[in-house]
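Working notes for the structure below.
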Amino acid sequence: MAHHAPHAPILFSFPNTDAIVGGLASFILKAQKESLDKKGRFTIALSGGSLPKMLSGLIGNPAVKWDKWHVYYADERVVPLDHPDSNHLACTNVLLSKVPIPASHIHTIDTDLLNDIEELCDAYEKELIREFAQKDAARFPVFDLILLGMGPDGHTVSLFPGHELLAEDDRWVAYIEDSPKPPAKRITFTFPVINHAARVAFVAHGEEKQDVLSEVLDNPETGLPAARVRPAHPGQLYWFVDDAAAAKVKYPHTPIKV
Ligand SMILES: O=C(O)[C@H](O)[C@@H](O)[C@H](O)[C@H](O)COP(=O)(O)O
């Protein structure tokens with residue numbers, strides 16, 4: 001099979017977070033349309049941090065076909081779904097409770113398994129297998145869109161700098177019990193899953209991301225977790241950032257005026 005190098009990341013910079021919200025909504029609508037035209041469903045993975053709030057531009061937009069959405073978590077804390085640390089709770093509060101996605105299409109962790117993280121992780125991996133297993137079962141799932149944030153240390157999902165999980169090349173979902181950032185127990189998509197997606201989009205804003213964003217985009221060879229996100233051909237990586245986060249970046253960007 002011919003080997004294709006990954007496409008270079010596409011960096012969009014916006015004057016402020018409101019502008020990111022608008023730009024991200026248009027981008028997600030386009031991804032949704034392409035996915036629905038091709039196969040009648042839209043598989044999307046969300047994560048935590050400030051990302052959920054950035055999706056508010058979709059609420060009330062009649063072009064969003066919510067009943068065709070299938071929502072997964074790229075990263076989740078091993079806590080009850082109503083716990084303040086839950087990424088599902090954050091997504092529910094700002095988005096999922098306000099839009100008509102069928103409950104059976106929202107794939108949360110199984111909280112009956114909170115006391116057995118290995119089982120909980122296996123069960124979540126099986127949820128993915130149920131969604132993505134096809135006759136010609138691909139080795140890894142192909143999400144239509146995975147949305148990510150990045151910490152000031154360059155971590156993304158629960159893949160932290162220097163952690164042994166960075167080398168995971170077999171599992172779809174992995175667990176971590178020693179997260180350097182609380183809470184300690186989490187499950188996370190692995191790099192092979194992230195890097196098989198059709199589209200991956202990072203959202204990062206604010207001055208506190210200046211140094212790390214420049215390291216990730218200008219010096220990816222230093223290997224920070226966020227720099228290891230490079231979807232395989234024909235997948236594409238996008239960055240949605242504000243001018244404050246992009247201030248030190250030399251990597252070419254497409255400024256978006258509003
Ligand atoms: O505990 C974590 O791992 C964080 O919550 C992390 O997942 C978060 O997404 C990033 O730190 C970016 O967060 P912001 O986008 O809010 O800066």
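Note that ligands are numbered from 1 as they come in the structure, with each ligand's atoms numbered from 1 the same way.
- In the vicinity of M150, heavy-atom distances shorter than 4.0 Å reach the ligand 1 atoms 10 (C), 12 (C).
- Residue G48 approaches ligand 1 through these ligand atoms, each under 4.0 Å from one of its heavy atoms: 9 (O).
- Closest protein heavy atom to atom 8 (C) of ligand 1: G49 CA, 3.9 Å.
- Close approach of ligand 1 to H155 is summarised as follows: ligand atoms under 4.0 Å from at least one heavy atom of the residue are 2 (C), 3 (O), 4 (C), 6 (C), 7 (O), 11 (O).
- Here the side chains of Y124 and D110 are not in contact, with every heavy-atom distance at 4.5 Å or above.
- Between F140 and F132, the ring centre distance reaches or exceeds 6.0 Å.
- Of the residues listed (L95, V94, N93), the one engaging K53 in a side-chain contact (heavy atoms from CB on, under 4.5 Å) is V94, and it is the only one.
- At least one N or O atom of S50 sits closer than 3.5 Å to an N or O atom of ligand 1.
- By the criterion of a heavy-atom distance under 4.0 Å, the side chain of K209, and not its backbone, is placed next to ligand 1.
- Contact annotation for R186 and ligand 1: only side-chain heavy atoms (C-beta onward) come within less than 4.0 Å of the ligand.
- Residue pairs satisfying the ring-ring contact (aromatic ring centres under 6.0 Å, His included) criterion with at least one member in residues 203-227, sequence neighbours excluded, are absent.
- The residue K53 has no part lying near ligand 1, judged by heavy-atom distances below 4.0 Å.
- The R77 neighbourhood of ligand 1 comprises atoms 1 (O), 2 (C), 4 (C), 5 (O), with distances under 4.0 Å to a heavy atom of that residue.
- W239 places a side-chain heavy atom less than 4.5 Å from the side chain of M150.
- F202 and Y238 have their aromatic ring centers separated by at least 6.0 angstrom.
- Each of the atoms 1 (O), 2 (C), 4 (C), 5 (O), 11 (O) of ligand 1 lies under 4.0 Å from some heavy atom of K181.
- Aromatic rings from F240 and F27 are positioned such that their centres are separated by under 6.0 Å.
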